[in-house]
2 protein chains.
Amino acid sequence: MDTSLLSQSRSLFIRRWGEMAASWGISRTMAEIHALLFISNQPLCTDDLMDELQVSRGNVSMNLRQLVTWGLAERVHHRGDRKEYFVAESDVWAMFEIISRERRRREIEPIVETIDRCRSMLKEELKGLKGDRRREVEQFRQRLDDMQEFLSLVNSLFNLLVKVGKSKVGDVMKTLGRFAH
Amino acid sequence: MDTSLLSQSRSLFIRRWGEMAASWGISRTMAEIHALLFISNQPLCTDDLMDELQVSRGNVSMNLRQLVTWGLAERVHHRGDRKEYFVAESDVWAMFEIISRERRRREIEPIVETIDRCRSMLKEELKGLKGDRRREVEQFRQRLDDMQEFLSLVNSLFNLLVKVGKSKVGDVMKTLGRFAH
DNA sequence: CAATCCTTTCAGATGCTTCTGAAAGGATAG
DNA sequence: CTATCCTTTCAGAAGCATCTGAAAGGATTG
């Protein structure tokens, strides 16, 4: 067994990346595969991944498919070799864009849509109301409004960040610093 | 059964908030309890929550405890009533601060710490290396550097956002807009 | 077209998280 | 001190997401 510092770092990083995955809504193995591809300096095939991560062929196959679908990995062919190889997206900004789009789609959009529906229902409901019940509905509506305002802010921030991108980040941080005394 | 639009909106919102919870690393029931408290205009007791959400007493108790620990809910006592009541934090910015702190603690800090360790291991490893293997280590190190730079940016952005808070968000957005031609 | 090599699929197994409900704990009232 | 009321705890049950491995699919080769 390889006990070099290189090998130790590899498995340390892969394991941690996998552990984090749970909170990112990505399965542990999918994240480990992605980590391994990310730190490799050459494309890897299914067997490489099975060996290093100790998981089944089916598992690797399914998770690779999802990584490719997301755009976090892509297929690579070598002349004279039937096997398929894979590499990871290597630009962390592109990764950020992909992951944040995915997360927004799952975490932000559904709740925004629901809040919209609720708001119009409550607007309707308010028409004929007086007194305590009116106050109840109004409070509910107020909270939904606050939440929606906040969520659309978060949304635009992400959009901006992605647009601004790597190159201008230094400037952005400097400018933002002014707001935070 | 109450079929008013108010009641429909309530359960719609609660259900959706709960569904989202999975991706936020919060259990469905914990999120539903939080949602119900968030949209109520008065403190609720354990039985209220059990009735409306159809979950067991133990479940409510454990999740309330966690909500209180996080600071997303707090206990309220009524004179002459032995029961404990609960209200949710109602300021979405405070909620954001709490949740983002928690998520960073679980999602960002561990990987940053791991990257640090890996980087120093690789630095050590590089000392006596030449050729292909050196190139392999160098690529790994480069990717870790990129990742770390990115993560610390995200970190400072969150810090800034929390500090800047509600009041100045408009300004921040306007300024960011300039960078996004 | 048969053999070989590799990938994909999916039913059932596994393991992890969350939930239940009953028992124990603890406070207040009489 | 005992009864009452409410909360907390936790072992086992249930539910859910992930993984395995074998079988089927599909492509290339000789």
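Treat the numbers as computed from the prediction; the structure is a model and nothing was measured. Order of the sequence lines fixes the chain letters, A, B, ..., with proteins taken first and strands second; residue numbering starts at 1 for each chain.
Of the two residues contacting DNA chain C, namely A/Asn59 and A/Glu84, the nearest-nucleotide position lying further toward the 5' end is that of A/Glu84. Heavy-atom nearest nucleotides on DNA chain C were determined for A/Tyr85 and for B/Asn63, and the one closer to the 5' end corresponds to A/Tyr85. DNA chain D is contacted by both A/Val55 and A/Gly80; A/Val55 maps to the nucleotide lying nearer its 5′ end (nearest heavy atom per residue).
Nucleic acid contact for B/Ser61: base, since at least one base atom lies under 4.0 Å from a heavy atom of the residue.
One finds a salt bridge joining A/Asp132 and A/Arg135 here, because a Lys/Arg side-chain nitrogen approaches an Asp/Glu carboxylate oxygen to under 4.0 Å. Salt bridge absent: B/Arg141 and B/Glu125 never bring a charged side-chain N and a carboxylate O closer than 4.0 Å. Between B/Arg101 and B/Glu97 there is a salt bridge, since at least one side-chain N of the basic residue sits less than 4.0 Å from a carboxylate O of the acidic one.
Residue B/Arg57 contributes atom CZ, which lies 19 Å from atom C1' of C/dT18 at whole-angstrom precision. In this entry the distance linking CG of B/Asp48 with P of D/dT7 reads 11 Å, nearest Å. One atom, CG of B/Asp81, and another, C1' of C/dA27, lie 14 Å apart when rounded to the nearest Å. A/His78 places its NE2 atom 21 Å from the P atom of D/dA27, with the value rounded to the nearest Å. Taking atom CD of residue A/Gln54 and atom C1' of nucleotide C/dT14, one finds them 17 Å apart after rounding to whole Å. Residue A/Arg28 contributes atom CZ, which lies 22 Å from atom P of D/dC16 at whole-angstrom precision. Between the NZ atom of B/Lys83 and the P atom of D/dT8 there is a distance of 14 Å, given to the nearest Å. At whole-Å resolution of the value, CZ in B/Arg79 and P in C/dA29 are 11 Å apart.
Classification of the A/Trp17-A/Phe38 ring pair by plane angle, with boundaries at 30° and 60°, yields parallel.
Between the B/Gln8 side chain and the B/Thr3 main chain, a donor and an acceptor come within less than 3.5 Å of each other.
In the set C/dT7, D/dC19, D/dT7, D/dT7 carries the atom at the smallest distance from any side-chain atom of B/Thr46. Listed nucleotides D/dT7, C/dT20, D/dT20 differ in distance to B/Ser56; the shortest reach to its side chain belongs to C/dT20. In the set C/dC19, D/dT18, C/dC10, D/dT18 carries the atom at the smallest distance from any side-chain atom of A/Ser27. Checking C/dC6, D/dC10, D/dC6 against the side-chain heavy atoms of B/Met62 singles out D/dC10 as nearest. For B/Arg65, counting side-chain heavy atoms from C-beta on, the closest listed nucleotide (D/dT29, D/dT9, D/dT7) is D/dT9.
Under 3.5 Å, the side chain of A/Arg82 and the base of C/dT4 form at least one donor-acceptor pair of N or O atoms.
A close approach under 4.0 Å does occur between a side-chain nitrogen or oxygen of A/Thr29 and OP1 or OP2 of D/dC19.
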